[in-house]
Each structure stands twice: as C-alpha cells, then as structure tokens.
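The block underneath contains the structure these notes are about, expressed in structure tokens.
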Amino acid sequence: MSDEVTYDDAGAAEVIRGKPTEDAPALTGDPGLGCHSGKEMEVAARMAGQSDLLERYARDYPQGPHDKPQSMCPAFGSLRVGLRMKRVATVLSGSACCVYGLTFVSHFYGARRSVGYVPFNSETLVTGKLFEDIRDSVHELADPDRFDAIVVTNLCVPTASGVPLRLLPSEINGVRIVGIDVPGFGIPTHAEAKDVLAGAMLNYARKEIEAGPVAAPEGGKSDRATVSLLGEMFPADPMIIGQMLAPLGLAAGPVVPCREWRELYAALDCGAVAAIHPFYTAAIREFEAAGRPVVGSAPVGHDGTAAWLSAIGDAFGIAADKVAEAQNAFLPAIKGALGAKPVKGTITLSGYEGSELLVARLLIESGADVPYVGTACPKTPWSAADAEWLKARGVTVNFRASLEEDCAAMEGVKPDLAIGTTPVVQKAKELGIPGLYFTNLISARPLMGPAGAGSLAEVVNAAIANKDRMDHMKEFFEGVGEGDTAGVWEGDPNIREDFRALNQKKLDKAARAAKAQEMI
Ligand code: SF4
C-alpha cells in the first residue's frame, strides 16, 4: 500500500493517453513563432486562407492599442470554459510549449479533467497529416457514454497554418464535435476566448433546436419567463439576480458559458439576455439570431440596479408600477448596505475580466474616489450605460487598455489603493502603494443587488489601511532587486556603458530599417 500523502484524489483522475506514433513529433512547426512574433503569424494565417476568420475576429474583438495578448494566453479562456462543462472533452492542437503552459495553468486553477493534445511537427503540419491526426483522435474519443461534446481548439500555429477544423464531422456517434480557432493574433484577451467557445456552442445548439426537439433542462422548465445571464460570475450572484427578478414574474435562466450541454437549449429558450459581462459578442449574435433581446449593464449598486430592473421591465413589456414595486423592494436595502460599509480613499482600477466598470460603480457608490478605470476588454453597446455613468462622475474609462496605460495611470494618480492585474499590482507595491489583485480578490465576491452592496468594503478598506506596512517594506527593500541590482550578485554588477551604447545603436538601426520597409 502506498503511504503517499495527497491533498485530494486528483492523482486518480483518468488520463487519456494517445498512441505513440513511429515518427514521434519533434516539437512544433516553427519554434520561432509565438505570441511575440508580431504580424508574422497573422500574415501566414491569411496566406493559408484564414482571412474570413480573422476578419470576423477583428469585428468581434477589435484590437489596439496592443496587437498581442498582454495577459495569459487567450486560449486559456476557452479551455477553461470547456473544462468546466460536464461530459465535454477538450483537445488542443498547438505547439508543445503552448499546450504545456495551458494545461499547467488549467490544473493550477483546479481543472479536474485531462486535456487532450494532438502533437505535430513541421512535416505533419505542412502535409496536412495533422488534420488527419486530429480527426483520428476525435473518432477515438467520441464515446456517447462518456461525452456529449468534444471541443477541438487550434492554437496559434495550426490556425496560422490553416488546419481546417471546419472539415471535422459535426457529430460522431451522437457526440457533437465543436472546432474553434483561438489564436493569440486574433483574440486579444482570454476573456474574449470564452466568447469564442460560448458562441460556437450556442450556434451548434441553436441549429439543433431548429432541426427538432431537444433535451429539457435537468431541473425541468421554469413556469416563468427567464433571463439568461452572460458572463462567469460569483456563484451567489445568479441567485440574487433571481430574487430581484421574482417580483417581476421572471426567473434567472442559465449562466452562459454553461456547465452542461442541455443548459445551452435552456439559455436560448429565454425571454431576454442580460449581458452582465459585455464582451460576449459572438454569444450575443446567437441570442439575437434566436430573436432574444439583450439588456446591457448589471444590477450593481443603487443606480445600476434601478436602471437594470427598468431595462428588464422594458424588454418584457412589464407595467411601470410593477417595475417600481421591484425597485422599491430592493433599492432601500442596497442604499442601506452601501451606507453601512463606506469606502474612503482614491482607487485606480484595471483588469481583464470584463466586470471592471461594474466594480468601479460599486466603489464609487460606496464613497470611493475612482479617477481611472482600465479594462482590457473592448467597448461594446452593453457597457455603454456603465461608461456613461462613470464618465458623468469624472472617471477616465479606458477600453482595451494596455498594461502600460494602466501602470501610467496608477503612477500618475498615486492612489491609496491600486486594484489591477498582477503586473500593475506588483508595480504599485514597488512604489509602496497598497494593491489588490482583481481576479483573485475582487472577482471572488458577490457584486449584484443587496449582497453586492458593501461586499467590497472589507477587503478594500483593509488593503488601504496597509499603507504604513507598504511604506515600511519599501524602505526595507529600497534598491533591492531593481534595474542593475536585480538578481543575485556577489559584487557590484559589471556595467559596460559602451556595450549598452553599441546595442542601442543596433536597435535604432533595426527600427529605422523596419520603418523604411513599412513605407515600401
Ligand atoms: S497559443 Fe497562446 S501561448 Fe501559444 S503562441 Fe499563441 S498566444 Fe502564445
């Protein structure tokens, strides 16, 4: 008997093993290509006939100011959505290094399922054998007793090479096959990659509904009209939204991205869609194709909840007095909760979750001064009301914000607290400014309705109160690990200004050559 001590039974999870091939793949197509290879991959993809796909992505997920992901690999978003679904297998096709990183991160975040991988080398990539390998692997996996669907994802290199996932059978033995391309040069954030998969699944489910009867929801069909909720949120939020919808005679529908296939049918069967996270462009296209109206913003804070309930009332044609009744039932409690837990201080806020504007609204209603909100997500009609509300209160709202812009705002404002992504928070702490990670500490709290009001105060106030500690740490570590002193040194670093000047000259020359080439 093994006496190994383990935290859980993850080690006993079934691992899907591929068959070794004789000509074992060496590594990747071109190891020089990656997230940082600029436009090269995009040019290659266009040459491989992927222009239509890239143009659709450019419309759905407009780029700029940066043209490559500044956070984790975008494919992590769609991978996570697939891994969270019951009876859904996920298969990645991409460079080994990308797949290693993606599987590592997904297991770090608690995925309890194996990630399938179809490896390739330069030869299988260029001869089209990779596509055949993917098709074989999908056939092998398609067991209807185990899976409702298999999601196959082309990462950067197979997308750039035009590996045609659209030619995979749409169904094998009753198991649905969903092929998506999630390249870093077309999808700027991992948030938007969630939309790529959610949109592809909704598209598939919508066509199934059009073709004939589909499975009913596991818990039965609600006797009230439902509002489907777009965006991954804190588990209590859909319940709170459901409570606020009840006086209107409505119920909360499934949250998209869904947790199982049949939820997709129920989501499409709604009376309206609440785009709580506003970047789900492809998913919204499917809902609109199904004739469902979409309501932007979310029931956050006093003003947000009032406006959202009235927009829901409009979408369902509910009488104004009934909407007012629902507003009166919840707004005083929200006001009370906000007043009971005030937030005092200046806060800059940035993130890539898509809920940044909603969090800023809550903080401002709690009493905080929020001069800057940056979101890596793009501007869409579904966040317009939030942006307007914030701008009316003097907030600079920066859509598709780059890391550099977020850092510059934080350095310029010198807030009492910087809420942001890892590099922004790291920079803030280096400056002795308290920082909170958006993803771990802010997204892990309820935001909606009465439960959301005041839920941020505790963590935010505790962080602001840490200023003295941050100053002490800054003083203690002053000069350590910065610039030339970064790393472990036994003596003073050997700084060669002449080498630096020479290198700078080379860089300038390369930049001039690139500029001249651009003009041609
Ligand atoms: S798949 Fe992800 S990690 Fe790999 S090159 Fe593309 S963006 Fe980078």
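Nothing fancy with the numbering, it's 1 onward along the sequence. Atoms within a ligand are numbered from 1 in the order they appear, just like the ligands themselves.
For the pair R292 (side chain) and I284 (backbone), a donor-acceptor distance under 3.5 Å is absent. When atom types are taken as modelled, the side chain of S228 and the backbone of A267 share a donor-acceptor pair closer than 3.5 angstrom.
Atom 6 (Fe) of ligand 1 has no N, O or S atom of C98 closer than 2.8 Å.
For ligand 1, the atoms sitting less than 4.0 Å from at least one non-hydrogen atom of L155 are 1 (S), numbered in the order shown with element in parentheses. Of all the atoms in ligand 1, the ones that sit under 4.0 Å from a non-hydrogen atom of G184 are 7 (S). Every atom of ligand 1 with a heavy atom of C156 under 4.0 Å away is listed here by number and element: 1 (S), 5 (S), 6 (Fe), 7 (S).
Residue contacts with ligand 1 for P74 involve side-chain atoms from C-beta outward but no N, CA, C or O (heavy atoms, distance under 4.0 Å).
Listed by chain and number, the residues in a salt bridge (charged side-chain N to carboxylate O under 4.0 Å, His left out) with E353 amount to none (sequence neighbours excluded).
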Show every donor-acceptor pair shorter than 3.5 Å between a side-chain atom in residues 505-514 and any protein atom, with sequence neighbours excluded, or say none if there are none.
unit_1	atom_1	unit_2	atom_2	d
D508	OD1	Q504	NE2	3.1

### Task
Using the ring pair (Phe, Tyr, Trp, His ring centres under 6.0 Å) rule, take F287 and Y280 through it: C-alpha gap first, then chi angles, then the decisive distance, then the call.
CA-CA 11 Å; F287 280 116; Y280 280 87; 9.7 Å; no
